[in-house]
Amino acid sequence: MAPTMMAVIGIGGKHENKKTAAPESELKRRNEALEKELRESKEREEQMRRDLQSTWERLRVAEEAEERLCSQLGELEAEAVYQARDYHSRIVSLMDQLSHAQTLLQKAGGSSSSSSISVTSSS
């Protein structure tokens, strides 16, 4: 019984080859289309990888620039504090000189209030 089955399978296979010739060419076309899609997908993936690398590099450069700017801002803030202290010291010194000059004027002019200058210290 086994030999008969083999013969039937063999004969059926020959008839199926004629019937499947069209589907085989369809499968071949489908396979080629899938391979093309795969190549295109790999190309897109590689392009995305390059874009990601480029974006990563720009991010690194931007972070370094941010660090430099923060450092410069800190230096400028420190300089501004020093200048404000110097300015305040100069104002205090000038107020002291003005107060001293006013005292000298009051002593020299006696009790004459027409030449008196009033200065109040707010420090």
Side-chain angles (χ1 to χ4, degrees):
M1 209 170 205
T4 309
M5 289 179 102
M6 291 175 71
V8 170
I9 291 173
I11 293 172
K14 288 180 184 177
H15 289 296
E16 287 179 22
N17 281 344
K18 291 179 182 177
K19 292 179 182 177
T20 60
E24 282 180 13
S25 64
E26 180 62 32
L27 287 175
K28 188 174 180 179
R29 280 193 295 270
R30 178 68 179 143
N31 190 35
E32 289 172 356
L34 289 173
E35 287 175 351
K36 180 181 177 185
E37 285 181 33
L38 178 62
R39 281 191 305 273
E40 290 171 354
S41 174
K42 286 183 177 182
E43 288 171 5
R44 284 192 308 271
E45 180 183 357
E46 186 58 34
Q47 181 61 42
M48 290 174 71
R49 191 180 321 271
R50 287 190 298 268
D51 290 347
L52 179 61
Q53 183 65 33
S54 173
T55 302
W56 187 260
E57 181 63 22
R58 287 194 315 267
L59 175 62
R60 186 187 62 77
V61 168
E63 286 176 344
E64 288 176 1
E66 179 188 19
E67 288 176 11
R68 285 193 306 273
L69 287 172
C70 286
S71 175
Q72 291 173 353
L73 180 59
E75 292 171 3
L76 288 172
E77 287 175 343
E79 180 66 24
V81 168
Y82 293 135
Q83 287 180 0
R85 286 180 182 162
D86 289 344
Y87 181 69
H88 183 264
S89 296
R90 181 75 174 136
I91 289 174
V92 169
S93 172
L94 290 172
M95 287 180 67
D96 287 344
Q97 289 177 15
L98 187 58
S99 176
H100 182 67
Q102 183 181 11
T103 303
L104 289 175
L105 283 173
Q106 285 177 352
K107 287 182 184 177
S111 61
S112 170
S113 63
S114 62
S115 64
S116 172
I117 300 173
S118 173
V119 176
T120 60
S121 175
S122 62
S123 31

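Just so you know, residue 1 is the first one in the sequence shown, and it goes up from there. Remember, it's a predicted structure, so these values are computed and weren't measured experimentally.
- Without hydrogens or angle criteria, Thr103 side chain to Ser99 main chain gives a donor-acceptor distance under 3.5 Å.
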Applying salt bridge (charged side-chain N to carboxylate O under 4.0 Å, His left out), run through Arg29 and Glu26 and close with a yes or a no. CA-CA 5 Å; Arg29 280 193 295 270; Glu26 180 62 32; 3.0 Å; yes
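- Cluster annotation: Val61 is not connected to Leu69 through the hydrophobic network of ILVMFWY side chains, with a link wherever side-chain heavy atoms come within less than 4.5 Å.
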Applying salt bridge (charged side-chain N to carboxylate O under 4.0 Å, His left out), run through Lys42 and Glu45 and close with a yes or a no. CA-CA 5 Å; Lys42 286 183 177 182; Glu45 180 183 357; over 6 Å; no
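- Gln47 CD to Arg49 CZ: the interatomic distance, rounded to the nearest 0.5 Å, is 11.5 Å.
- Annotation: side chain of Glu77 is in contact with side chain of Leu73 (closest heavy-atom distance under 4.5 Å).
- Note that CD of Glu75 is 11.5 Å distant from SG of Cys70, once rounded to the nearest 0.5 Å.
- Considering NE2 of His100 and CG of Leu98, their distance stands at 11.5 Å, rounded to 0.5 Å.
- Under the 3.5 Å distance criterion, with hydrogens and angles disregarded, a donor-acceptor pair is assigned to the side chains of Glu79 and Gln83.
- Taking CZ of Arg68 as the start and CD of Glu64 as the end, the distance is 6.5 Å to the nearest 0.5 Å.
- Note that CG of Leu52 and CG of Leu59 are 10.5 Å apart. Values are rounded to the nearest 0.5 Å.
- One finds no salt bridge joining Arg39 and Glu43 here, because no Lys/Arg side-chain nitrogen approaches an Asp/Glu carboxylate oxygen to under 4.0 Å.
- Remark: Asp51 CG to Arg44 CZ distance equals 13.0 Å, nearest 0.5 Å.
- Within a 6.0 Å sphere centred on CD of Glu66, other residues, nucleotides and ligands contribute 12 heavy atoms or fewer.
- Gln97 has its side chain within reach of Leu94: a pair of non-hydrogen atoms, C-beta onward, lies under 4.5 Å apart.
- No side-chain donor from either of Ser54 and Arg50 sits under 3.5 Å from a side-chain acceptor of the other.
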